[in-house]
There are 2 protein chains.
Amino acid sequence: MDSKQKILIKFGERVREIRKEKGLSQEELAHIADLHRTYIGMIERAEKNITLINIEKIANALEVKINNLIN
Amino acid sequence: MDSKQKILIKFGERVREIRKEKGLSQEELAHIADLHRTYIGMIERAEKNITLINIEKIANALEVKINNLIN
DNA sequence: TGAATGCTAACTATAGTCTGTTGTTTAAGA
DNA sequence: TCTTAAACAACAGACTATAGTTAGCATTCA
């Protein structure tokens with residue numbers, strides 16, 4: 001995942017935005033979503049091309065629709 | 001990817017539905033989306049956990065919003 | 001300082017590619 | 001009808017690329 005793709009950047013920004021709105025740390029979000037601390041960081045920095053199942057996990061953890069993270 | 005996840009099943013069904021509406025074969029869709037023939041089949045059968053970049057490729061190829069494929 | 005995040009590197013699990021074969025429609029011709 | 005062929009999709013297996021895990025240390029910032 002070099003040369004970061006626009007859609008991953010948008011997604012990461014949105015996750016970070018909502019996470020902060022909720023007053024969660026990356027570690028707390030990771031715990032709720034059952035993912036690893038550093039992985040959340042990588043997603044927010046658009047360093048990984050996230051899969052649909054993990055998109056859903058994060059949306060659930062943030063209590064938003066997937067729509068809200070992508071469009 | 002055994003024990004297929006609901007969200008992947010929904011996604012696959014939706015891709016197949018729209019693909020057929022457009023009168024495209026899996027091979028034609030694959031070509032437009034720049035993905036492999038058999039991979040489109042696997043996605044429609046919910047056998048693979050698709051990544052965000054490929055979700056976007058398929059949405060573009062089908063000329064729909066990602067929303068349309070997920071929610 | 002301490003809590004949160006960034007970053008690296010090494011690892012393992014699996015996404016995604018590719019070739020080939022089998023099975024299933026569908027349509028045309030006798 | 002009944003075949004036959006051609007187009008399409010399912011499936012298997014072997015492979016390569018990369019998603020996702022984890023630990024440890026560096027950096028940032030309140």
Side-chain angles (χ1 to χ4, degrees), chain A residues 1-64 66-71, chain B residues 1-64 66-71:
Chain A
M1 287 313 314
D2 10 272
S3 79
K4 304 178 181 180
Q5 303 268 149
K6 234 184 220 170
I7 192 167
L8 301 182
I9 294 174
K10 272 196 182 178
F11 183 86
E13 285 174 348
R14 204 67 190 102
V15 168
R16 176 162 294 178
E17 200 175 341
I18 299 173
R19 175 177 64 79
K20 292 199 166 173
E21 275 173 25
K22 297 227 152 196
L24 297 171
S25 67
Q26 289 180 349
E27 191 157 11
E28 288 168 329
L29 174 56
H31 182 254
I32 299 171
D34 193 30
L35 294 169
H36 200 273
R37 169 176 78 79
T38 61
Y39 181 62
I40 297 292
M42 287 170 166
I43 293 304
E44 289 186 355
R45 277 176 268 121
E47 291 173 7
K48 292 281 184 179
N49 181 15
I50 191 169
T51 56
L52 186 46
I53 287 177
N54 282 348
I55 290 172
E56 190 184 33
K57 280 188 186 178
I58 291 179
N60 288 342
L62 292 174
E63 301 176 298
V64 297
I66 292 177
N67 277 350
N68 223 305
L69 298 178
I70 293 179
N71 301 280
Chain B
M1 286 312 315
D2 10 272
S3 80
K4 304 177 183 180
Q5 304 267 151
K6 235 184 220 172
I7 193 167
L8 300 182
I9 294 174
K10 273 197 181 177
F11 183 84
E13 285 174 350
R14 204 68 191 101
V15 168
R16 175 162 295 178
E17 201 176 341
I18 299 173
R19 175 177 64 79
K20 292 200 165 172
E21 276 174 26
K22 297 227 153 198
L24 297 172
S25 67
Q26 290 179 348
E27 190 158 11
E28 288 167 330
L29 174 56
H31 182 255
I32 299 170
D34 193 29
L35 294 168
H36 201 270
R37 166 176 79 80
T38 61
Y39 180 61
I40 297 291
M42 288 171 167
I43 293 305
E44 289 185 356
R45 277 175 267 121
E47 291 172 8
K48 292 281 184 180
N49 182 14
I50 191 169
T51 55
L52 187 46
I53 287 176
N54 283 349
I55 290 172
E56 189 184 33
K57 280 188 185 179
I58 291 180
N60 287 342
L62 291 175
E63 301 174 299
V64 298
I66 291 177
N67 277 349
N68 224 304
L69 298 178
I70 292 179
N71 301 280

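By convention in this document, chain letters (A, B, ...) are assigned in the order of the sequence lines, proteins followed by strands, and residues within each chain are numbered from 1. Values below: all heavy atoms of this structure, side chains included; hydrogens, waters and symmetry mates excluded.
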Whole Å only: how far is the NE2 atom of B:His36 from the C1' atom of C:dC18?
5 Å
How close or far is atom C1' of C:dC18 from atom NE2 of B:His31, stated in whole angstroms?
16 Å
Selection residues 21-43 of chain B - residue pairs positive for salt bridge (charged side-chain N to carboxylate O under 4.0 Å, His left out), sequence neighbours left out:
B:Lys22-B:Glu63
Just the rounded figure in Å: distance from C1' of D:dG20 to CD1 of A:Ile58.
11 Å
Kindly check if the number of other-residue, nucleotide or ligand heavy atoms within 6.0 Å of NZ (A:Lys57) is above 12?
yes
Taking CG from B:Asp34 and C1' from C:dC18, how many angstroms apart are they, rounded to a whole number?
14 Å
Would a 4.5 Å heavy-atom cut-off, applied to side chains only, mark A:Leu62 and A:Asn68 as touching?
no
When you measure from the side-chain N and O atoms of A:Tyr39 to the phosphate of D:dG20, is any distance below 4.0 Å, counting only OP1 and OP2?
yes
Does the protein touch nucleotides 7-12 of chain D at the base, only the backbone, or not at all? Give it as B, S and - per nucleotide, heavy atoms under 4.0 Å.
--SBB-
Would you kindly give the CG-to-C1' distance between B:Leu35 and D:dA17, to the nearest whole Å?
14 Å
Side chain of A:Asn49, backbone of B:Thr51: donor and acceptor closer than 3.5 Å?
no
Please report, rounded to the nearest Å, how far the P atom of D:dG20 is from the CD1 atom of A:Ile43.
6 Å
Identify each atom pair where a protein N or O and an N or O of nucleotides 23-26 of chain C are less than 3.5 Å apart, giving names and distance.
none

Nucleotide D:dA19, atom P - distance to CG of A:Asn49 in whole Å
5 Å
Would you check if A:Glu13 and A:Arg16 make a side-chain contact, meaning some heavy-atom pair closer than 4.5 Å?
no
Side chains of A:Ile7 and B:Ile66: does their closest heavy-atom pair fall under 4.5 Å?
yes
Kindly give the heavy-atom pair with the smallest separation between B:Leu69 and B:Ile55, and that separation in Å.
CD1-O, 4.4 Å
Within the structure provided, determine whether B:Leu35 and B:Ile43 are in side-chain contact (heavy-atom separation under 4.5 Å).
no
May I have the distance from A:Lys48 (atom NZ) to D:dT21 (atom P), rounded to whole angstrom?
10 Å
Among D:dA19, D:dG20, D:dT22, find the nucleotide with the atom closest to the side chain of A:Asn54.
D:dG20
Using only atom types and a distance under 3.5 Å, with no angle test, would you say the side chain of B:Arg14 pairs donor to acceptor with the backbone of B:Ile70?
no
